[in-house]
Amino acid sequence: MGKITIAIDGFSSTGKSTVAKQLADWLGYVFVDSGAMYRAVTLYAMRKGHISTTVFNKRKLEECLDEISLSFKKENSSSKAEMYLNGENVEREIRLMTVSELVSSVATISSVRVKLVEQQQQMGEGKGVVMDGRDIGTVVFPGAELKIFMNASADKRARRRYDELIAHGDNVTYTEVLENVRERDHIDTTREDSPLVKAGDAIEIDNSEMNLEDQFHIILQLAKDRIAGRL
Ligand code: DC
């Protein structure tokens, strides 16, 4: 059966990556977490001292883009492809709050987006890919056969992200996480280049009151229908 391209966009912490990965595993497709790429660029610029909570040197950040090589690799112990920055596994570090606090600003920079979108398009060339992000259905793969737009209340999203961070031993408060979720929503939806918007042909799913299993089955059925050419 022919393979399709699946784009999963939406607000931060709506569980896009979780469902995208489940779907890719079930279908035997490649899963790409595009947000991880923006996070890795952010981490690199932080390490170089180009950005921090008090500094934002856009020019320096743009100048160092050519030094950044990104790839996804599967570790033996994990079923998920993890993010590598210049050959180093940074999967854990890119999820820290320090990175979350700066990543949305980095994602407003057009030269960063051009570099990452090009790489994302190459990864999806042969179809059979499930990619999650903010602009996948609108910019990266406007011709994707299935587009999902995920949403949930800010409170539910912050609660889920908070639980995750605490489980990983991160030292954060719920209020900090909620503020970060709101701040990122604002930056992601109001930036000039490729803002987060629902593509006209995307199907919106609000999972505030949905469990992971129900959500997966709804999206899997949509994918099966698209693969069979039924919808
Ligand atoms: O999905 P995430 O929370 O890991 O994404 C981190 C940030 O990266 C998010 O605030 C916006 C940005 N992003 C983007 O602009 N475009 C994408 N395709 C994916 C993420």
Side-chain angles (χ1 to χ4, degrees), residues 5-21 31-46 51 56 61 65 68 70 72 80-83 85 90-124 129-142 144 147-152 154 156-162 164-165 168 170 172 176-199 202 207:
T5 300
I6 302 176
I8 303 192
D9 288 304
F11 290 92
S12 47
S13 304
T14 42
K16 300 183 297 294
S17 296
T18 305
V19 75
K21 181 175 181 311
F31 158 60
V32 181
D33 168 2
S34 69
M37 300 169 75
Y38 288 90
R39 287 172 179 271
V41 170
T42 303
L43 179 64
Y44 186 82
M46 285 167 69
I51 58 172
F56 197 87
L61 193 159
L65 284 179
I68 301 175
L70 303 177
F72 287 98
K80 180 178 178 280
E82 303 197 328
M83 186 78 247
L85 166 64
V90 291
E91 184 63 35
R92 258 290 283 132
E93 211 177 332
I94 58 170
R95 310 288 162 195
L96 295 174
M97 268 294 276
T98 46
V99 175
S100 299
E101 274 162 9
L102 294 169
V103 64
S104 289
S105 300
V106 171
T108 62
I109 303 173
S110 291
S111 51
V112 171
R113 305 203 68 83
V114 167
K115 178 183 165 93
L116 300 190
V117 167
E118 194 181 283
Q119 207 177 333
Q120 289 152 9
Q121 287 172 334
Q122 278 166 11
M123 292 191 254
V129 66
V130 186
M131 194 175 294
D132 82 280
R134 304 293 188 290
D135 59 343
I136 310 305
T138 50
V139 176
V140 181
F141 301 127
K147 298 180 188 176
I148 304 288
F149 189 87
M150 309 247 302
N151 207 346
K156 276 270 154 60
R157 290 185 284 131
R159 179 60 56 192
R160 289 173 191 159
R161 180 56 67 104
Y162 172 76
E164 250 170 50
L165 288 167
H168 279 113
D170 213 348
V172 287
E176 275 170 347
V177 179
L178 179 64
E179 269 168 21
N180 176 251
V181 161
R182 290 207 169 116
E183 168 87 5
R184 285 204 286 149
D185 285 357
H186 177 71
I187 301 175
D188 293 348
T189 51
T190 57
R191 71 174 174 231
E192 249 171 63
D193 189 347
S194 324
L196 171 65
V197 281
K198 177 178 168 290
N207 65 16

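When a ligand or atom number is given, it counts from 1 through the structure's own listing order. Please read all numbers here as calculations on a predicted model, not as lab measurements. FYI, side chains are in, hydrogens and waters are out, and symmetry mates aren't considered; it's all heavy atoms of this structure.
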Would you say Asp33's side chain and Ser17's backbone share a donor-acceptor pair under 3.5 angstrom? no
Please assess Arg182 against Glu179 for the test salt bridge (Lys or Arg N to Asp or Glu O under 4.0 Å), listing each intermediate value before the final yes or no. CA-CA 5 Å; Arg182 290 207 169 116; Glu179 269 168 21; over 6 Å; no
Donor-acceptor check, side chain of Arg134 to backbone of Pro195, threshold 3.5 angstrom: yes or no? no
Is the side chain of Lys147 donor-acceptor paired with the backbone N or O of Ile136 at a distance under 3.5 Å, no angle test? no
Enumerate, one pair per line, all nitrogen or oxygen atoms of ligand 1 lying under 3.5 Å from a protein nitrogen or oxygen, stating the separation to 0.1 Å; write 'none' if no such pair exists.
residue: ligand 1; atom: 1 (O); partner: Arg134; partner atom: NH1; Å: 2.9
residue: ligand 1; atom: 3 (O); partner: Arg39; partner atom: NH2; Å: 3.3
residue: ligand 1; atom: 3 (O); partner: Arg134; partner atom: NH2; Å: 3.2
residue: ligand 1; atom: 3 (O); partner: Arg184; partner atom: NH1; Å: 2.8
residue: ligand 1; atom: 4 (O); partner: Arg39; partner atom: NE; Å: 2.7
residue: ligand 1; atom: 4 (O); partner: Arg39; partner atom: NH2; Å: 3.4
residue: ligand 1; atom: 10 (O); partner: Ser104; partner atom: OG; Å: 2.7
residue: ligand 1; atom: 10 (O); partner: Arg184; partner atom: NH1; Å: 3.4
residue: ligand 1; atom: 10 (O); partner: Asp188; partner atom: OD1; Å: 3.3
residue: ligand 1; atom: 10 (O); partner: Asp188; partner atom: OD2; Å: 3.2
residue: ligand 1; atom: 15 (O); partner: Arg113; partner atom: NH1; Å: 2.8
residue: ligand 1; atom: 15 (O); partner: Arg113; partner atom: NH2; Å: 3.3
residue: ligand 1; atom: 15 (O); partner: Arg191; partner atom: NH1; Å: 2.8
residue: ligand 1; atom: 15 (O); partner: Arg191; partner atom: NH2; Å: 3.1
residue: ligand 1; atom: 16 (N); partner: Arg113; partner atom: NH2; Å: 3.1
residue: ligand 1; atom: 18 (N); partner: Ser34; partner atom: OG; Å: 2.9
residue: ligand 1; atom: 18 (N); partner: Arg134; partner atom: N; Å: 3.2
residue: ligand 1; atom: 18 (N); partner: Asp135; partner atom: OD1; Å: 2.8

Run the side chain to side chain donor-acceptor pair (under 3.5 Å) test against Lys198 and tell me which residues pass, sequence neighbours left out. none
Let's go through Phe149 and Val197 carefully: what are the C-alpha distance in whole Å and the side-chain angles of both, what is the deciding distance for side-chain contact (heavy atoms from CB on, under 4.5 Å) to 0.1 Å, and is it a yes or a no? CA-CA 9 Å; Phe149 189 87; Val197 281; 6.0 Å; no
